[in-house]
Amino acid sequence: FEVLALESANDGASLRISWRFVPVSSGSFTRNNGINVRVLVRLGGLGSGAAYVEVVHRTYLPASFDQGLGATYEDEVLWAPPTGTTCSEAAVRVALEDRASSTDVIATACGNSASSSHYDNLEARFALAEL
């Protein structure tokens with residue numbers, strides 16, 4: 001399980017968040033249950049009191065890996081911040097986690113090993129101008 005890249009583009013009205021990942025073929029979690037991806041935006045600075053806003057939570061089932069395990073997959077989402085939202089230091093986080101069981105979800109701001117899953121988190125900073 002490997003995250004290759006995270007890209008974000010702020011056009012002044014929306015934020016395009018894209019990511020690439022490689023579902024590896026070792027082990028059985030990904031092969032049997034797929035993976036979860038949770039995309040969040042952190043506003044209000046980068047300190048411990050910063051608020052996360054969920055953009056999307058997606059599950060990729062094993063059947064969606066039509067190019068096979070070990071291939072590179074890409075996805076993206078377009079997020080429009082609420083009007084008047086400003087933040088000089090914000091971040092987008094993509095949390096990925098293979099699913100140890102078919103009921104696993106990413107319930108926090110980070111992918112983690114709570115259900116023995118393998119995980120990765122990738123974060124990119126950006127400035128959000130007033131819309």
Side-chain angles (χ1 to χ4, degrees):
F1 188 78
E2 178 182 3
V3 179
L4 294 177
L6 165 66
E7 298 176 20
S8 61
N10 186 353
D11 67 6
S14 60
L15 184 67
R16 184 181 56 82
I17 305 163
S18 60
W19 58 93
R20 293 188 299 269
F21 62 93
V22 176
V24 297
S25 57
S26 62
S28 61
F29 291 170
T30 300
R31 185 181 318 113
N32 294 339
N33 301 305
I35 65 170
N36 289 317
V37 173
R38 187 173 188 201
V39 178
L40 303 116
V41 173
R42 182 168 56 176
L43 303 172
L46 302 178
S48 61
Y52 284 94
V53 176
E54 182 175 273
V55 176
V56 69
H57 189 291
R58 291 191 179 152
T59 298
Y60 301 88
L61 296 175
S64 66
F65 302 131
D66 59 347
Q67 297 176 30
L69 298 175
T72 300
Y73 294 85
E74 298 184 34
D75 206 347
E76 70 178 23
V77 65
L78 193 63
W79 177 69
T83 302
T85 301
T86 61
C87 185
S88 61
E89 283 192 73
V92 59
R93 173 176 288 169
V94 176
L96 295 102
E97 187 176 272
D98 65 357
R99 294 165 36 114
S101 76
S102 61
T103 59
D104 285 351
V105 296
I106 300 173
T108 64
C110 296
N112 60 59
S113 61
S115 61
S116 300
S117 295
H118 304 100
Y119 65 94
D120 205 346
N121 298 286
L122 191 58
E123 198 164 276
R125 294 181 181 187
F126 67 94
L128 187 61
E130 184 170 352
L131 304 177

side-chain contact (heavy atoms from CB on, under 4.5 Å) assessment of Val39 paired with Glu54:
CA-CA 6 Å; Val39 178; Glu54 182 175 273; over 6 Å; no
In this structure, OH of Tyr119 is separated from CG of Asp98 (nearest 0.5 Å) by 11.5 Å
task: Could you label the plane-to-plane angle of the Tyr60 and Phe65 rings as parallel, tilted or perpendicular, counting under 30° as parallel and over 60° as perpendicular?
output: parallel
* Asked: Is a side-chain donor-acceptor pair under 3.5 Å present for Thr59 with Asn36?
  -> yes
Before giving the answer on side-chain contact (heavy atoms from CB on, under 4.5 Å), spell out for Val77 and Arg58 the whole-Å C-alpha distance, their side-chain angles and the decisive distance to 0.1 Å. CA-CA 11 Å; Val77 65; Arg58 291 191 179 152; 4.1 Å; yes
Scanning both residues in full, the closest heavy-atom pair of Arg99 with Asp104 reads NH1-O, 3.4 Å
Closest heavy-atom pair, Glu97 versus Val105, reported as atoms and distance to 0.1 Å, is OE2-O, 3.7 Å
Rounding to 0.5 Å, atoms CZ (Arg20) and CG (Leu122) come to a distance of 10.5 Å
Nearest heavy-atom contact between Pro62 and Thr30 is CG-O, 3.8 Å
One should read off an interatomic distance between Cys110 SG and Arg38 CZ, to the nearest 0.5 angstrom, of 9.5 Å
Sequence neighbours excluded, the answer for side chain to side chain donor-acceptor pair (under 3.5 Å) partners of Tyr73 is none
CH2 of Trp19 to CG of Leu96, rounded to nearest 0.5 Å, is 8.5 Å
Students should find that the hydrophobic cluster of Tyr52, defined by side-chain heavy atoms under 4.5 Å apart, otherwise consists of Leu40
So, does Arg93 use its side chain to make a donor-acceptor pair with the main chain of Val41 at under 3.5 Å?
-> no
Sequence neighbours excluded, the answer for side chain to side chain donor-acceptor pair (under 3.5 Å) partners of Ser64 is none
Here the gap from Ser101 atom OG to Asn32 atom CG, rounded to the nearest 0.5 Å, amounts to 11.0 Å
Exercise. Using a 4.5 Å cut-off on heavy atoms from C-beta on, say whether the side chain of Ile35 contacts that of Phe21.
Key: yes
Distance col, row His57:NE2 vs Ile106:CD1, nearest 0.5 angstrom, shows 4.5 Å
Heavy atoms of Ala71 and Pro23 approach each other most closely as O-CD, 3.4 Å
